[in-house]
Structure formats: C-alpha cells, structure tokens
Undergrad: 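Supplied in structure tokens, the structure appears directly below.
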Amino acid sequence: MHIVVCIKQVPDSAQIRVHPVTNTIMRQGVPTIINPYDLFALEEALRLRDKHGGEVTVLTMGPPMAEDSLRKALTFGADRAVLLTDRFFAGSDTLATSYALAAAIEKIGEVYGKPEIVFTGKQTIDGDTAQVGPGIAKRQSLLQLTYVSKIAELDLDGGKITVERRSEGGVQVLETKLPVLITMLEGTNDMRRGSMADALRAARSDLVIWSAKDAGIEDILKCGLRGSPTVVKRVFAPAARAEKAEQIEIRPAAIDTADALIETIFGTLPALETELVELHQTL
Amino acid sequence: MANEPAKPAPAAGGRAGMKKELPEHFKAYKGVWVFIEAERGVVHPVSYELLGEGRKLADQLGVELAGAILGPKGEGTNHAIAETFAHGADLVYLMEDELLADYRNEPFSKGLTDLVNTYKPEILLLGATTLGRDLAGSVATTLLTGLTADCTELAVDADKSLAATRPTFGGSLLCTIYTLNFRPQMATVRPRVMSMPARTDKPIGKVVMHPLNMAEEDIVTKILNFVADRQAGKVNLAYADIVVAGGLGMGAVENMQLVKNLAKSLGAEYGCSRPLVQKGWMPAERQIGQTGKTIRPKLYIAAGISGAIQHRVGVEGADLIVAVNTDKNAPIFDFAHVGVVTDAVRFLPALTEAFTRRLSPHNRDKLAG
Ligand SMILES: Cc1cc2nc3c(=O)[nH]c(=O)nc-3n(C[C@H](O)[C@H](O)[C@H](O)COP(=O)(O)OP(=O)(O)OC[C@H]3O[C@@H](n4cnc5c(N)ncnc54)[C@H](O)[C@@H]3O)c2cc1C
Ligand SMILES: Cc1cc2nc3c(=O)[nH]c(=O)nc-3n(C[C@H](O)[C@H](O)[C@H](O)COP(=O)(O)OP(=O)(O)OC[C@H]3O[C@@H](n4cnc5c(N)ncnc54)[C@H](O)[C@@H]3O)c2cc1C
C-alpha cells in the first residue's frame with residue numbers, strides 16, 4: 001500500500017504583525033512548524049502502514065526551507081519526503097495550490113506507485129481555509145472523505161474503506177472505494193515519538209526535490225499568482241474599539257459588586273431580564 | 001510560494017493591482033445565491049444569516065436573491081423553501097431527489113455545479129460548516145473559480161465586484177479578497193458571524209426546478225449509518241443567548257465548577273479559552289475562538305480570560321461583553337463593554353448568588369409586595 005500525506009510548513013505563532021508602512025506581513029524571526037492539524041493525518045497514515053504494510057510519502061509545496069518540516073516527518077517514521085518547490089508557485093491560492101499538489105501526487109504515483117490514500121489535515125493554522133483537501137480530491141478524481149474521526153476498516157483486497165465522518169449534528173459512517181482523499185479531524189490520535197533509527201535516517205536521507213517541471217507541470221499559468229482566481233487586494237489590522245470597557249466599582253463585599261454589575265447588565269439589556277425571570281419561574 | 005510573505009498587498013504590486021475586463025462569457029452571470037443547507041429536514045441557521053447578508057448584496061447590485069435548495073421531496077424540503085422566502089429570497093432553485101436525502105459529496109457537488117452552470121449566479125455563498133466546506137471546495141475546484149473562506153464582511157465594490165473580507169493569521173490581520181476575472185464569486189461564512197435577518201411570512205415565490213440526473217449506482221460512497229449526537233448532551237454554544245466562559249485565570253480545574261454554576265443560574269451555556277482544552281480541563285467542543293466556536297450571544301461573561309486576538313474574534317458579535325479579570329490592563333478590557341477588575345474565583349459565586357436572588361420568583365414577589 002502507498003499513502004501520500006500532504007503537510008504544510010506554517011509559522012509557529014499566529015501572532016504575525018503587518019508592517020505599518022508597506023502593509024506586508026512580517027514573518028522574520030517567527031519559527032516554523034508542521035501545521036499541527038497535519039500531524040493527525042500523518043499519524044493515521046503511519047498506523048495504517050504499520051498494520052497493512054507499505055510506504056508513507058510526505059509531500060509539501062513550499063520554499064526550500066520547508067525541508068525542515070519534511071525531515072521532521074521522516075523522524076516520525078515516514079518513508080519518503082517530496083519537496084515541491086519553484087518560484088512559479090509563489091502567491092498560490094487554494095485552487096493553484098491544489099493544482100500543483102495534485103500534479104505532484106500524480107507524479108509520485110508514476111514513480112513510486114499509485115497511492116490508495118491521500119491524506120491532508122483538516123485545515124492549516126495560517127491560511128485556514130480547509131479548501132486544499134477537497135481541491136486535490138476533485139482534481140485527482142479521488143473520492144472525498146472530509147472531517148474523518150476514525151478509520152473503521154480498510155479492505156485493501158476489496159479496494160474498500162469505511163470511515164466515521166463528523167457532520168453537523170452527528171457522525172456519518174461511510175463506505176467508499178479506494179483511492180480516496182481523507183482530511184483527518186484533529187484530536188483523533190496522538191503523534192508517536194519517532195525512534196532513534198528514524199531520527200538517524202531522517203538526518204541522512206536525501207529528499208526528493210522537484211520543480212514544477214519535474215512534477216510534470218506543463219502549464220505554469222495554472223500555478224502561483226497567475227493560476228489563482230482570488231486576489232488579495234488589501235491587508236490591514238482590525239480597527240481598535242474606541243472606548244475601553246466601563247469599569248464596575250469594586251465594593252468591599254463581593255456581593256455588592258455583583259449587584260452593581262447586574263444593574264448595569266440589565267440596564268443595557270432590559271429584555272434579557274424579563275426572559276430570565278420567566279425562565280426562573282419554570283425552574 | 002505558499003509560505004512566502006503571504007500574497008502581496010497593493011504596495012507590493014503583482015497581480016493584486018491589476019484589473020482586467022471580465023471575460024465575455026462571464027458577463028451573463030447575474031444574481032446572488034445562497035446555498036440552503038438542509039439536513040434531515042432541518043435548515044442550518046447559517047443559511048438564514050447568509051440570506052440576510054445576500055439580500056443586502058443583491059439590493060446593492062440591483063439583482064435577485066435566490067436560495068439553492070437540494071433535498072428529497074417532502075416535508076423538510078417544503079419547509080426549507082417556505083423559510084427561504086420568509087428570510088428574504090426572491091426565488092428558489094430547487095433540485096429534488098431522493099439521492100439528496102443525506103449529504104454526500106458526489107451528488108451534492110454535481111447538483112450544485114449543474115445549477116450554477118445552468119443558471120449562472122455572479123455570487124454564491126455557503127455556510128462554513130462541515131457540509132458547506134466539503135461542498136464549496138469541490139464545487140469551486142470543478143468550476144475553476146475563486147473561493148474565499150470564513151468571511152466576516154461582504155460588500156459590493158464600486159465596480160460591482162464582491163469584496164470579501166476575512167480574518168487571517170489568527171485574526172491579527174484582516175484581508176479583502178476579490179475573485180476578479182472568474183464567476184461565480186464564491187465565499188463561505190462561519191455560523192453566527194452575520195446577524196439573523198428578521199423573518200416575515202411571505203407567499204412562496206418563483207421556484208425553478210432542475211433535475212439531478214443521477215442514479216444510486218453512479219454514487220460510489222454509501223452511508224452505512226448515521227449516529228446523531230445525543231440531544232441531551234449536545235452543546236449548542238454557537239446559538240446560546242448567554243455564554244459564561246472561564247480561562248486560565250480560573251486557576252484550577254475545580255474552579256470551572258464556578259463557571260458552570262453561574263451558567264446554570266442563567267440557563268446559559270458555558271465555554272472556555274483554548275489553553276483549558278489543551279490542559280484537558282474542558283472538552284474541545286466548549287472552546288470559543290478562532291479555532292473553536294464563534295458565538296453571538298446577548299450576554300457574554302468572560303472570567304480569567306486575557307482576551308487574545310484568537311479568542312476575541314470568536315466573541316466580538318456578542319451584544320454585551322462582561323470581563324472579570326485581576327489585571328486592569330488585560331487586553332480583554334479593550335473590547336469588553338463592562339469590566340470588573342477582581343478575582344474571578346471569589347467573584348463568580350457572589351455573582352451567581354446575586355443573579356439567583358434577583359431572578360427567583362420568590363424574591364421578586366417579596367420585592368413587589
Ligand atoms: C491572508 C491570506 C488569506 C488567504 N485567503 C484565501 C482564501 O480565502 N481563498 C483561497 O483560495 N486562498 C487563500 N489564501 C491562499 C492560501 O492560504 C494558500 O493557497 C495556501 O497555500 C493553502 O491554503 P491553506 O493554507 O488555507 O490550506 P488548507 O486548505 O487549510 O489546508 C488543508 C490541508 O491541505 C494540505 N496543504 C495545504 N497547503 C499545503 C502545501 N503547501 N503543501 C502540502 N500540503 C498542503 C495540508 O494537509 C493542510 O492541512 C490566503 C492566503 C493568505 C496569505
Ligand atoms: C493558531 C492559534 C489559534 C488559537 N485559537 C484560540 C481559540 O480558538 N480560542 C482561544 O481562546 N485561544 C486561542 N488561541 C490561544 C490564544 O492565543 C491565547 O493563548 C488564549 O486565548 C489565552 O487563554 P486565557 O485567556 O485563558 O489565558 P491567559 O492569556 O493566560 O490569561 C489569563 C488571564 O486571567 C487573568 N487572571 C489571573 N488570575 C485571575 C483571577 N484569579 N481572577 C480573574 N482573572 C485572573 C490574568 O490577568 C490573564 O488576563 C490560539 C492560539 C493560536 C496560536
């Protein structure tokens with residue numbers, strides 16, 4: 001079995017500032033990590049491999065420094081790492097990102113064997129759109145299973161998979177045919193600690209580094225800014241609220257402070273008091 | 001690259017500043033659509049919130065507002081149609097088929113894509129729910145158009161294009177995104193980010209029917225079972241009228257009981273900041289903020305919460321925000337309406353007692369008498 005896991009390198013902290021003059025995002029000095037949501041996908045892939053045999057390939061599209069995240073994934077036990085990097089990818093929105101990743105997955109399939117499962121995280125902590133998974137699925141004609149909380153059964157011989165999927169108001173148990181794209185829900189497993197052997201292997205092994213051309217992408221107009229239908233026109237900091245909170249004076253007895261607060265609350269929201277009084281009559 | 005200094009702002013040049021004429025074949029795209037999310041006969045309230053927002057956009061553009069409804073024939077779908085009109089739509093595009101009884105990506109993405117290709121809306125809005133995100137990503141990729149995620153503000157520009165503003169980098173920044181040369185312009189919005197429009201009884205207007213043209217054999221994915229969340233234990237933070245939440249300032253897991261007690265006395269839901277989920281003090285479904293729930297209660301009481309930007313973006317829609325914090329310089333006081341600078345562990349029991357006294361019928365009779 002072959003599983004491909006897409007991981008994205010993201011800044012560790014979401015506390016990134018805008019440059020007050022140029023309105024560009026200042027990422028300098030912010031450490032990078034593997035998108036935390038992707039670790040659930042990676043761990044699930046490793047578990048399936050451990051149980052059913054086969055290989056796990058991790059794939060990222062990013063700048064050359066994204067190599068760090070790939071090596072980290074190798075220390076957890078991934079078998080192979082592919083870095084898709086090219087200046088043509090700069091400024092990709094989710095449509096262009098999924099185009100490039102889908103092309104790379106196609107190529108990975110040709111070179112290392114067609115994957116039965118492609119995993120992504122639920123979303124990233126920076127772009128935060130949750131759109132890349134469905135995008136890859138559509139482009140690769142993979143059946144799409146999003147928000148998966150559990151892989152109940154994998155039947156490789158029968159080419160079938162059964163999963164539990166979180167939906168609004170409940171859990172769907174879905175059965176479908178391989179190959180599939182799964183976006184894994186967070187909190188579904190705990191990332192393993194890599195073995196010493198994997199750590200050594202990760203440090204020594206060569207990554208597979210592909211340009212757009214290497215990945216078989218012929219139409220670079222579908223990549224990067226040019227391949228992105230969305231255009232970010234303006235980036236700005238949220239306006240601060242003009243007034244600060246009205247402070248309730250602190251009385252010696254907490255209960256008196258509480259009464260003063262309640263006066264203020266119901267003074268502002270008189271209808272709420274009426275509703276609450278009715279509620280208490282039914283309690 | 002995906003990880004490079006984001007997308008350039010205007011100053012940085014690039015494609016962002018460019019504005020080409022809309023390609024000829026997209027000029028026929030007219031009207032604002034809202035995908036009406038109805039599952040097992042229940043319409044997700046986010047669909048009504050989007051109708052409210054869509055109404056404003058349609059009026060500014062001088063076009064019609066439509067609801068796109070995909071579901072099985074019957075009571076539930078009829079109800080969805082009636083409510084779509086009651087919440088402001090001018091017409092409904094309807095795809096009725098038994099195969100649309102439960103959500104599956106294949107029939108829904110084919111169905112919605114077919115509707116769009118046939119009737120050509122210029123704007124298509126969906127709720128950023130598990131269903132909406134699953135569907136929107138597929139449909140936008142098939143149509144090769146732009147999709148802006150989790151918008152907090154939608155507006156029409158002078159040139160009639162959709163300006164979709166969304167928080168990014170955890171809410172520390174906002175960005176305005178356009179889909180300039182492609183149609184439809186698609187956007188998702190999280191539940192409770194937009195306000196609920198007023199409902200007015202209206203007769204059912206124009207309903208345009210369109211077939212799905214699919215058979216069960218065409219659909220690979222089968223639903224083996226659906227386990228509904230237990231109604232009793234179900235947390236409905238997003239739609240609660242009053243929410244009480246605790247943060248790290250509550251000091252200890254035992255003290256979360258004080259938050260629960262106050263919530264109980266108000267018939268409220270309780271929630272928390274993210275570190276409490278990470279510590280295992282509270283389940284993930286109780287987390288409020290960017291990576292948790294967005295709430296829009298009438299009253300929000302935050303105890304021992306500093307007010308980090310990721311928390312703030314989830315609570316800003318509340319009518320009244322009350323913060324209890326020992327630090328008078330805590331950032332939460334920058335956006336709370338009412339502040340109490342005190343120890344929450346001591347104050348919450350007093351507040352619970354004061355509320356109970358004030359609201360209990362027994363005491364009110366005495367006060368009146
Ligand atoms: C401020 C800002 C706002 C943006 N808003 C939008 C928007 O509204 N719409 C839009 O189309 N684009 C938007 N983008 C662009 C978008 O962030 C990029 O396209 C990004 O490369 C992928 O999107 P994401 O981070 O949201 O990923 P998600 O769709 O949230 O990621 C889901 C999963 O896909 C996989 N994945 C994602 N990216 C990669 C990668 N580079 N390599 C390997 N696997 C990956 C991971 O497994 C991840 O868990 C925005 C960018 C910025 C800077
Ligand atoms: C990508 C990302 C996503 C995130 N998403 C979320 C999210 O969805 N929701 C969220 O909440 N956070 C989120 N966070 C975390 C966020 O940045 C903050 O770290 C978090 O909200 C802080 O929680 P807190 O206010 O409980 O704790 P702290 O920031 O530690 O604040 C505790 C507060 O309690 C006060 N205090 C101390 N003792 C008392 C007392 N006895 N009585 C009263 N007050 C007292 C202190 O003065 C302080 O202000 C996210 C972070 C990142 C990086």
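Chain identifiers are assigned alphabetically (A, B, ...) following the order of the sequence lines, protein sequences preceding nucleic acid strands; residue numbering begins at 1 within each chain.
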Undergrad: Would you say the side-chain atoms of Gln287(B) and Arg274(B) include a donor-acceptor pair closer than 3.5 Å?
TA: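 No - no donor-acceptor pair under 3.5 Å links their side chains.
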Undergrad: Which bit of Thr183(A) comes within less than 4.5 Å of chain B, counting heavy atoms only: side chain, backbone, both or neither?
TA: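 The answer is neither part of Thr183(A).
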Undergrad: Identify, with sequence neighbours excluded, every residue that meets ring-ring contact (aromatic ring centres under 6.0 Å, His included) alongside Phe266(A).
TA: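 Partners of Phe266(A) by the ring-ring contact (aromatic ring centres under 6.0 Å, His included) criterion, ordered by chain and then number, come out as Phe355(B).
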Undergrad: Give the member of Val171(A), Thr129(A), Thr146(A), Thr176(A) that has the highest number of heavy-atom pairs under 4.5 Å with chain B.
TA: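 The answer is Val171(A).
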Undergrad: Once ring-ring contact (aromatic ring centres under 6.0 Å, His included) is applied, do any residues pair with Tyr103(B), and if so which ones, sequence neighbours excluded?
TA: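 Only Phe108(B) meet the ring-ring contact (aromatic ring centres under 6.0 Å, His included) criterion with Tyr103(B).
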Undergrad: Is it the backbone or the side chain of Leu272(A) that comes under 4.5 Å from a heavy atom of chain B, or both, or neither?
TA: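 Contact with chain B is through the side chain of Leu272(A) alone.
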Undergrad: Which bit of Leu320(B) comes within less than 4.5 Å of chain A, counting heavy atoms only: side chain, backbone, both or neither?
TA: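 Just its side chain gets close to chain A.
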Undergrad: Which atoms of Leu144(B) come close to chain A, meaning under 4.5 Å heavy atom to heavy atom: side chain ones, backbone ones, both, or neither?
TA: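 Answer is both: backbone and side chain atoms of Leu144(B) are under 4.5 Å from chain A.
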Undergrad: What option among Leu147(B), Thr145(B), Ile223(B) has the most heavy-atom pairs under 4.5 Å with chain A?
TA: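 It is Leu147(B).
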Undergrad: If you apply the rule salt bridge (Lys or Arg N to Asp or Glu O under 4.0 Å), what do you find for Glu168(A) with Arg40(B), and how did you get there?
TA: CA-CA 11 Å; Glu168(A) 300 292 314; Arg40(B) 292 171 298 283; over 6 Å; no
Undergrad: Please check: side-chain N/O of Asp256(A) versus main-chain N/O of Asp259(A), any donor-acceptor pairing under 3.5 Å?
TA: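 Not a single qualifying donor-acceptor pair exists.
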Undergrad: With a 4.0 Å cut-off on N to O distance, would you call Arg312(B) and Glu316(B) a salt bridge?
TA: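 Yes, Arg312(B) and Glu316(B) are salt-bridged.
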Undergrad: Between chain A and each of Ala323(B), Gly267(B), Gly146(B), Ala354(B), count heavy-atom pairs under 4.5 Å; write down the option with the most.
TA: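 Between Ala323(B), Gly267(B), Gly146(B), Ala354(B), the count favours Ala354(B).
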Undergrad: Taking the side chain from His337(B) and the backbone from Ile321(B), do they hold a donor-acceptor pair closer than 3.5 Å?
TA: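 Yes, the answer is positive, given that a donor and an acceptor are paired below the 3.5 Å cut-off.
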Undergrad: Checking heavy atoms, do the side chain of Glu186(A), its backbone, both or neither come under 4.5 Å from chain B?
TA: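 Contact with chain B involves no heavy atom of Glu186(A) at all.
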Undergrad: Do you know which of Thr257(A), Leu145(A), Thr32(A), Thr264(A) has the most heavy-atom pairs under 4.5 Å to chain B?
TA: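 Sorted descending by pairs with chain B, the first entry is Thr257(A).
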Undergrad: Quick one: does any side-chain atom of Gln310(B) pair with a main-chain N or O of Thr291(B) as donor and acceptor, under 3.5 Å?
TA: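 Answer holds: no.
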Undergrad: Which bit of Gln185(B) is near chain A, if near means a heavy-atom gap under 4.5 Å: side chain, backbone, both or neither?
TA: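 For Gln185(B), there is no contact with chain A at all, as no heavy atom is under 4.5 Å.
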Undergrad: At a 4.5 Å cut-off on heavy atoms, which part of Leu261(A) comes close to chain B: side chain, backbone, both, or neither?
TA: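 Contact with chain B involves the side chain of Leu261(A) alone.
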Undergrad: Non-hydrogen atoms of chain A under 4.5 Å away: do they reach the side chain of Val322(B), the backbone, both or neither?
TA: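 Just the side chain, heavy atoms under 4.5 Å.
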Undergrad: What part of Ala140(B) gets closer than 4.5 Å to chain A, counting heavy atoms only: side chain, backbone, both or neither?
TA: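 The backbone, not the side chain.
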Undergrad: Less than 4.5 Å to any heavy atom of chain A: does that hold for the side chain of Thr352(B), its backbone, both, or neither?
TA: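 It is neither, since no heavy atom gets under 4.5 Å.
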Undergrad: Between the side chain of Thr113(B) and the main-chain N/O of Ser109(B), is any donor-acceptor distance below 3.5 Å?
TA: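 Present.
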Undergrad: Relative to chain A, which of Lys328(B), Met186(B), Arg166(B), Arg104(B) shows the most heavy atom pairs under 4.5 Å?
TA: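 Between Lys328(B), Met186(B), Arg166(B), Arg104(B), the count favours Arg166(B).
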Undergrad: Looking at Thr179(B) and Phe182(B), would you say the former's side chain and the latter's main chain have a donor-acceptor pair under 3.5 Å?
TA: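 Between the backbone of Phe182(B) and the side chain of Thr179(B) there is no qualifying donor-acceptor contact (under 3.5 Å).
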Undergrad: Is Asn105(B) close to chain A through its backbone or its side chain, or both, or neither, when contacts mean heavy atoms under 4.5 Å?
TA: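 The side chain, not the backbone.
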Undergrad: Heavy-atom pairs under 4.5 Å with chain A - which of Val42(B), Leu299(B), Ile242(B), Thr141(B) has more of them than the others?
TA: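 The answer is Thr141(B).
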Undergrad: Mind checking whether Leu185(A) and Phe40(A) have side chains closer than 4.5 Å, heavy atoms only?
TA: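 Not in contact.
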Undergrad: Kindly determine whether Asp219(A) and Arg226(A) satisfy salt bridge (Lys or Arg N to Asp or Glu O under 4.0 Å), including the steps that lead there.
TA: CA-CA 11 Å; Asp219(A) 192 354; Arg226(A) 277 174 296 188; over 6 Å; no
Undergrad: Which atoms of Ile161(A) come close to chain B, meaning under 4.5 Å heavy atom to heavy atom: side chain ones, backbone ones, both, or neither?
TA: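 Neither part.
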Undergrad: Which answer fits Glu249(A), side chain, backbone, both or neither, if we ask what part of it has an atom under 4.5 Å from a heavy atom of chain B?
TA: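 For Glu249(A), no heavy atom lies under 4.5 Å from chain B.
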Undergrad: Does any backbone or side-chain atom of Asp134(B) lie under 4.5 Å from a heavy atom of chain A? Answer side chain, backbone, both or neither.
TA: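 Both the backbone and the side chain of Asp134(B) come within 4.5 Å of chain A.
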Undergrad: Of all of Thr342(B), Asp241(B), Thr142(B), Leu348(B), which one pairs up most often with chain A through heavy atoms under 4.5 Å apart?
TA: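 Heavy-atom pairs under 4.5 Å are most numerous for Thr142(B).
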Undergrad: Which one wins on heavy-atom pair count under 4.5 Å against chain A: Ala284(B), Ala128(B), Ala136(B), Cys175(B)?
TA: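 Among Ala284(B), Ala128(B), Ala136(B), Cys175(B), the one with the most close pairs to chain A is Cys175(B).
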Undergrad: Just by distance, do the side chain of Glu175(A) and the backbone of Leu224(B) share a donor-acceptor pair under 3.5 Å?
TA: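 Judged by distance alone, no pair lies under 3.5 Å.
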